[in-house]
K.L.:
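The structure follows.
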Amino acid sequence: MPVAFKHFPQASSQKPPLIANENAFLGDVVCSNDTTAPISAGFYRLEKGTPLVYEYTYEEMKIIIEGQFEISDEAGNKVTGKPGDVFYFPKGSKITFTTEDYGLGFFVGQRKEGSA
C-alpha cells in the first residue's frame, strides 16, 4: 500500500505558541509515528526581551531562517546565528538564546510531540 506525504502550507508564517517568558514561542508542526525514536519538527521564535536558557533532554538540529540569534553554551561557545546557519544541540547541552530584534528557526528534534 502506498504511503502519502504530508504538506503544511506556509507553516513558517504562523506564529508558534508562547512557551516561556514574554518572548519565546515554539510549536511542533509535525511529529513522526515512530514510538521507538520519535521525531518532531516545527518552529522556534524568540523576540527581543528575556534570554531563554534551555537544557536539551533530546538531540536537536536547528536552521535559522529569519532574523538572528545570539547562541551560547556552558562550554564557552558563542555565535551569532543568521539565516542559513545550522546548529546541532546534543542531549545534555544547556543553551542560552537571545536576540536584539527577533529570530526564527526551524527545528528537528528526537522527541515526542509536545515534549519540548
Side-chain angles (χ1 to χ4, degrees):
M1 172 181 282
V3 178
F5 67 83
K6 294 182 180 179
H7 176 220
F8 303 89
Q10 301 298 305
S12 68
S13 65
Q14 301 170 25
K15 193 171 191 176
L18 183 68
I19 58 152
N21 307 322
E22 76 289 355
N23 62 331
F25 304 84
L26 183 135
D28 294 339
V29 173
V30 63
C31 301
S32 71
N33 295 322
D34 187 327
T35 57
T36 306
I39 300 171
S40 296
F43 294 93
Y44 167 62
R45 179 180 176 97
L46 185 68
E47 297 174 352
K48 185 176 182 175
T50 306
L52 179 72
V53 179
Y54 189 79
E55 186 165 354
Y56 282 88
T57 58
Y58 53 91
E59 307 285 323
E60 184 180 276
M61 283 78 166
K62 188 181 306 293
I63 182 170
I64 311 307
I65 59 173
E66 290 181 9
Q68 68 180 36
F69 294 95
E70 296 294 329
I71 299 172
S72 59
D73 65 18
E74 292 183 311
N77 298 303
K78 185 174 183 179
V79 174
T80 299
K82 298 178 182 175
D85 290 355
V86 175
F87 292 85
Y88 166 56
F89 303 117
K91 182 178 181 178
S93 60
K94 191 172 189 178
I95 307 297
T96 300
F97 297 91
T98 62
T99 184
E100 292 183 12
D101 185 20
Y102 85 100
L104 180 66
F106 176 77
F107 66 82
V108 176
Q110 191 173 23
R111 61 170 176 76
K112 295 177 184 175
E113 180 175 8
S115 62

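Only heavy atoms go into these numbers, but all of them, side chains included; no hydrogens, no water, no symmetry mates. For reference, positions follow the sequence shown, starting with 1. Since the structure is predicted, the reported quantities are computational estimates derived from the model, not experimental observations.
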K.L.:
Side chains of residues 103-116: which donor-acceptor pairs under 3.5 Å do they make with residues two or more places apart or in other chains?
P.N.:
| from | atom 1 | to | atom 2 | distance (Å) |
| --- | --- | --- | --- | --- |
| R111 | NH1 | D28 | OD1 | 3.4 |
| R111 | NH1 | D28 | OD2 | 3.1 |
| R111 | NH2 | D28 | OD1 | 2.5 |
| S115 | OG | K112 | N | 3.4 |
| S115 | OG | K112 | O | 2.6 |

K.L.:
Centre-to-centre under 6.0 Å for Y102 and F69, is that the case here?
P.N.:
no

K.L.:
Do I19 and F25 touch side chain to side chain, with heavy atoms closer than 4.5 Å?
P.N.:
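No; the side chains remain at least 4.5 Å from each other.
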
K.L.:
Between F89 and F97, how do the two ring planes meet: parallel, tilted or perpendicular, split at 30° and 60°?
P.N.:
perpendicular

K.L.:
With heavy-atom distances below 4.5 Å as the criterion, would you say the side chains of F43 and L26 are in contact?
P.N.:
no

K.L.:
Checking one residue: M1. Which other hydrophobic residues are in its cluster under the side-chain 4.5 Å linking rule?
P.N.:
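Noted: M1 shares its cluster with no other residue.
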
K.L.:
Hey, does E55 have a side-chain heavy atom less than 4.5 Å from the side chain of K91?
P.N.:
no

K.L.:
Give the cluster check for Y56 versus V86: same hydrophobic cluster or not, with ILVMFWY residues linked at side-chain heavy-atom distances below 4.5 Å.
P.N.:
no

K.L.:
Identify whether Y54 and V79 are in the same connected component of the hydrophobic contact network (ILVMFWY, side-chain heavy atoms under 4.5 Å).
P.N.:
yes

K.L.:
Go through the steps for Q68 and T80 under the test side-chain contact (heavy atoms from CB on, under 4.5 Å), then give the verdict.
P.N.:
CA-CA 7 Å; Q68 68 180 36; T80 299; 3.8 Å; yes

K.L.:
If we ignore angles and hydrogens, is there a donor and acceptor under 3.5 Å between the side chains of T50 and E22?
P.N.:
yes

K.L.:
Is T96 close to S72 at the side-chain level, that is, under 4.5 Å between some pair of heavy atoms?
P.N.:
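S72 reaches T96 side chain to side chain.
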
K.L.:
When rounded to the nearest 0.5 angstrom, what is the spacing between CD1 in I71 and NZ in K62?
P.N.:
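That separation rounds to 7.5 Å.
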
K.L.:
Kindly give the heavy-atom pair with the smallest separation between S32 and A37, and that separation in Å.
P.N.:
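That closest heavy-atom pairing would be OG-O, 4.3 Å.
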
K.L.:
At their closest point, which heavy atom of T99 faces which heavy atom of L46, and how far apart are they?
P.N.:
CG2-O, 3.5 Å

K.L.:
Say whether L18 and V53 are linked into one hydrophobic cluster, either directly or through other cluster members, by side-chain heavy-atom distances under 4.5 angstrom.
P.N.:
no

K.L.:
For residues M61 and F87, determine if any side-chain heavy atom of one lies less than 4.5 Å from a side-chain heavy atom of the other.
P.N.:
no

K.L.:
So which heavy atom on G67 is nearest to which on P83, and how close?
P.N.:
O-CD, 3.1 Å

K.L.:
When rounded to the nearest 0.5 angstrom, what distance separates CG in D34 from CD1 in I39?
P.N.:
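Those atoms lie 7.0 Å apart.
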
K.L.:
Give a yes or no on whether the backbone of A24 and the side-chain of N21 come within a donor-acceptor separation of less than 3.5 Å.
P.N.:
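A pair under 3.5 Å: no.
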
K.L.:
Measure the shortest side-chain to side-chain distance between K78 and E70 over non-hydrogen atoms and say whether it is less than 4.5 angstrom.
P.N.:
yes

K.L.:
Side-chain contact test, heavy atoms from C-beta onward, threshold under 4.5 Å: evaluate it for I64 versus E66 and give yes or no.
P.N.:
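No - every pair of side-chain heavy atoms lies 4.5 Å or more apart.
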
